[in-house]
Trainee: 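Structure in structure tokens, see below.
Each chain gets a letter, A, B and so on, in the order its sequence line appears, and its residues count up from 1.
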Amino acid sequence: MAIGITAYSAYIPRRRLGRAKIAAAWGSRAVPGSKAVVNFDEDALTMAQAAVWRLLPAAPEIDRIYFASTTAPFWQRSSASLVAAHCDLPAEVATADFGGTLRCGTSALGAALDAVAAGSGGRGVVVVASDARAPRPESPEEMIFGDAAAAVAVGRERVVAEVVAVASRSDDFLDEWRRDSDAHVHSFASKFSLARGYHANVVAVAGRVMEAAGIGAGEISRAVLASPDGAAHLAAASALGIPAERVEDTRAGDIGVTGSAMPLLLLAQALDRAASGDLILVVAYGEGADGLLLRVTSEIARLPRPCVSAEASVLEYPTYEIYRKLRSGDHAGEAAEVSNVLWEREETQNVRLHGTFCPGCGTLQFPITRVCVKCRNAEGLLEKPLARTGRLFTYTKDYLYDAPVQPTIMAIVDLDGGGRLLCQMTDADEQEVEIGMEVELVLRRMRPGPSMHHYYWKGRPVRGGSQ
Amino acid sequence: MNESLKDQVAVIGVGCTKFGDNFDQSYEDMVVEASFAAFADAGIAPDRVEAAWLGTFSPYAGRGKASVSLADALRLYDRPITRVENFCATGTDAFRNAAMAVAAGVYEVVLVVGAEKLKDRPIRGLGREGAHPWVGEGLTAPGMMAMLANRYMHQFGMGREMLAKVAVKNHRNGARNPKAHLQMEVGEEQVLRAPVIAWPYTLFDCCPTTDGAAAAVLCRASLARQFRPDPVMVKGIGLAVKTGRPWNDPCHEYIGFPATTQAAHAAYRMAGIQDPVREIDLAEVHDCFTWTEISTYEDLGFANKGEGWHFIDEGRSALDGDLPVNPSGGLKSFGHPIGATGVRMIYEVVSQLRGECGARQVPNARQGLVHNLGGPGAVSCVVVLGLQ
């Protein structure tokens, strides 16, 4: 039976920073387009969790999660495990973390395909690639780097895009890097780097994929070529003999160059429009290149499409600057530290978002309790997962809380099926918040502790579209 | 409840510091000033005090969360002292504990002190002590109470101008009070256009962050006339505790404070009050935020639920209304040093019943009410005081 992709999803942060605003901030030449930027409470981990959570309804049976990023929030602490826990997956779902190169997303995908082929991947592997890129202020990278996450599930059942051929190559060419002590990337961005690094590796690995599949460039329906600048991939396609109209838009223009997330994000975009029988070539570059060829199956029709949404809101440069200061550790104040004793005891409640069901009166409630909030029954109470959608019961817009961007919208949310939760709102326009509105709970970064990134749930307005 | 406190306990002395930014006073300075004023008012020497209760949220910095902040300030040693903390109902709960000890016959003369030195703290507002690093992060005191106001306004269609009317009234009263923190009048437009603190509350919908201390000397009712000819009697006390997490309680309607209703019910029953609007001559209530006062009219039974704003709109709670509320200026204008507030309200009602309040005096006041509210409406204490 064929192995391949069984589901896919994408998460693009809502805010777009116009490049003209960056140019205006630095007094440089205006450049068209925009880039997607994480909110102050987002990072590669929260974006990855959002992408995986969106994927799970279409791929409920998975046994592994592979997380890939060059901007994971911890040097040591598994982001894959954090994602799994916040998606309420059991401990039997194995996790692994990939990083170190811009092609870590496709490397993780290759490893997932191998695991499924070998049988060790169980019923399926979810691969999520996510990057919240941190360019140096007033650098060329600041103009182009964008933030996004994308996920694919790999398995044997109900495959929507089967793997036809794969290839990979390694090339220790000095192009773009970040040391363990660096906050921002260094780069030898130049014509030489594009030719000797990107172009040479992409063309070589794509050639090997096509050779392994026994096809010519003319048979490729869509070419998903991750691009360092939104232009170099067109030259590579041309060299391969793939016409420009079959090359997937990199979204470098409006979302930006999204690092390790880019290959899977563009693949998701291609799958959004693919028809059964289409051949999709995917190539990612970074110290070599990964390539794979997929054939779309008739199963594609069962997935809700499109999954890559265009929802966006405008971000101003001064606000972006506040986000940046925050990420560099410039906080107004620190939250308390959380002990691992408290964290462990409340893990199912705060991380997995479980509540208590009272068999006496049928009330599902939050937080986990020993005595029912409604009927005071203390017998036979059961721990149950809560829905992550609900409605706004009441709220306030608070200017006293020392938040990086004011106001902080505090909300009480009645979750669908039961459970009333107090949380901050995020990604909400101040004017759109009203009692009764639909809200989804999303994982976000809270005010940090002295030595810890804190994550908790926030309410986010449910808007039209599938994002 | 078998035993009633009614007419068992008398207040024979009260004292209160100026409330405000008391930058040149320490916690101990304020405790001494309020306590010595109460001793002088009662005509007793400090040594006559047999036991004491300290109501405080945040004791003297670095001296521990215990009773010693009172003992060391007054050098009042070798007798029982208890520190009480019950959110913003701390002051009245300290008073309640002292009154019960006297009524029980254990002591003849006791001291209650409420004190708070918020301006010694390096934070804005009240802050959150012992907060969970994630759960509830982002919640502030005004935010907590604003979520109730928004739900109430959504349900009953009340406009923000009614909130402003509460601020205007209490500032007008406070402007006539030499001990109030904010001795200034404000206009309705000024309130509505002030910077938003937590929607729908602007700066002038919120009580200030205040330093202050207040004290009361209580004694057995039968001994009261040995100390002064006009003792004020405790007529009734009620305290009720409801959930401290209303935001997790699917039964909580978010349109008022059931704890206040419960506490008032107990206090009225003890005092024999059937019709509070007729039988109470003035009330000092917990107007930490303007909407809290409107809900409190309803929760205390002065108005039906959802109609409390007519009580302010029609001027009934004004100084010249039929039930003046917060003639002192309230928390809004007089200030709100957490643990001190409840005892300060006792001070105000006792002073009103004695006819000592000058420009803000409620004429012919014979029975007054004190109301404290703590946390997100979790704790309420109601005290009824009256002349014999």
Trainee: Inspect the surroundings of NZ in B:Lys119 and state if more than 12 heavy atoms from other residues, nucleotides or ligands are less than 6.0 Å away.
Mentor: yes
Trainee: Do other residues, nucleotides or ligands put more than 12 heavy atoms under 6.0 Å from the CZ atom of B:Arg245?
Mentor: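 For B:Arg245, atom CZ is not crowded (no more than 12 foreign heavy atoms under 6.0 Å).
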Trainee: Can you give me the closest heavy-atom contact between B:Trp199 and A:Thr396, atom names plus distance?
Mentor: O-OG1, 2.7 Å
Trainee: How would you list all residue pairs meeting side chain to side chain donor-acceptor pair (under 3.5 Å) that involve residues 150-159 of chain B, not counting sequence neighbours?
Mentor: B:Tyr152-B:Glu298
Trainee: Please report the closest heavy-atom contact between B:Gly138 and A:Asp398, naming both atoms and the distance.
Mentor: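 Taking every non-hydrogen atom into account, O-OD2, 4.4 Å.
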Trainee: Is the number of heavy atoms from other residues, nucleotides or ligands under 6.0 Å of A:Glu347 CD greater than 12?
Mentor: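 Counting other residues, nucleotides and ligands, CD of A:Glu347 exceeds 12 neighbours.
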Trainee: I need the minimum non-hydrogen distance between A:Ala336 and B:Pro133, along with the two atoms involved.
Mentor: O-CB, 3.3 Å
Trainee: Against chain B, work out which of A:Glu434, A:Gln365, A:His454 has the most heavy-atom pairs shorter than 4.5 Å and name it.
Mentor: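 Max contact count across the listed options: A:His454.
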Trainee: Just how far is it from atom CG of A:Asp402 to atom OG1 of B:Thr140, taken to the nearest 0.5 Å?
Mentor: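 Result: 11.5 Å between the selected atoms.
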Trainee: Measure A:Tyr455 against the heavy atoms of chain B and call it side chain, backbone, both or neither at under 4.5 Å.
Mentor: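 It is the backbone, since no side chain atom gets that close.
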Trainee: Quick check: under 4.5 Å, non-hydrogen atoms only, which of residues 414-425 of chain A neighbour chain B?
Mentor: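 The list, in residue order, reads A:Arg420, A:Leu421, A:Leu422, A:Gln424.
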Trainee: Which answer fits B:Pro195, side chain, backbone, both or neither, if we ask what part of it has an atom under 4.5 Å from a heavy atom of chain A?
Mentor: neither
Trainee: Between B:His132 and A:Glu346, does any side-chain donor sit less than 3.5 Å from a side-chain acceptor?
Mentor: yes
Trainee: Is the number of heavy atoms from other residues, nucleotides or ligands under 6.0 Å of A:Lys374 NZ greater than 12?
Mentor: no
Trainee: Who wins among A:Ala411, A:Gly355, A:Gly436, A:Pro367 for the most heavy-atom pairs under 4.5 Å with chain B?
Mentor: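 Ranked by contacts with chain B, first place is A:Pro367.
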Trainee: Could you check whether atom CZ of B:Arg121 has more than 12 heavy atoms from other residues, nucleotides or ligands sitting under 6.0 Å from it?
Mentor: yes
Trainee: Within a reach of under 6.0 Å around CD of A:Glu432, are more than 12 heavy atoms found that belong to other residues, nucleotides or ligands?
Mentor: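 Above 12, so yes.
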Trainee: Check whether A:Met446 gets within reach of chain B through its side chain, its backbone, both or neither, counting any heavy atom under 4.5 Å.
Mentor: side chain
Trainee: So which of A:Val338, A:Thr363, A:Leu400, A:Leu342 has the largest heavy-atom pair count under 4.5 angstrom toward chain B?
Mentor: A:Leu400
Trainee: Answer whether the closest heavy-atom distance between the side chains of A:Phe393 and B:Met147 falls below 4.5 Å.
Mentor: no
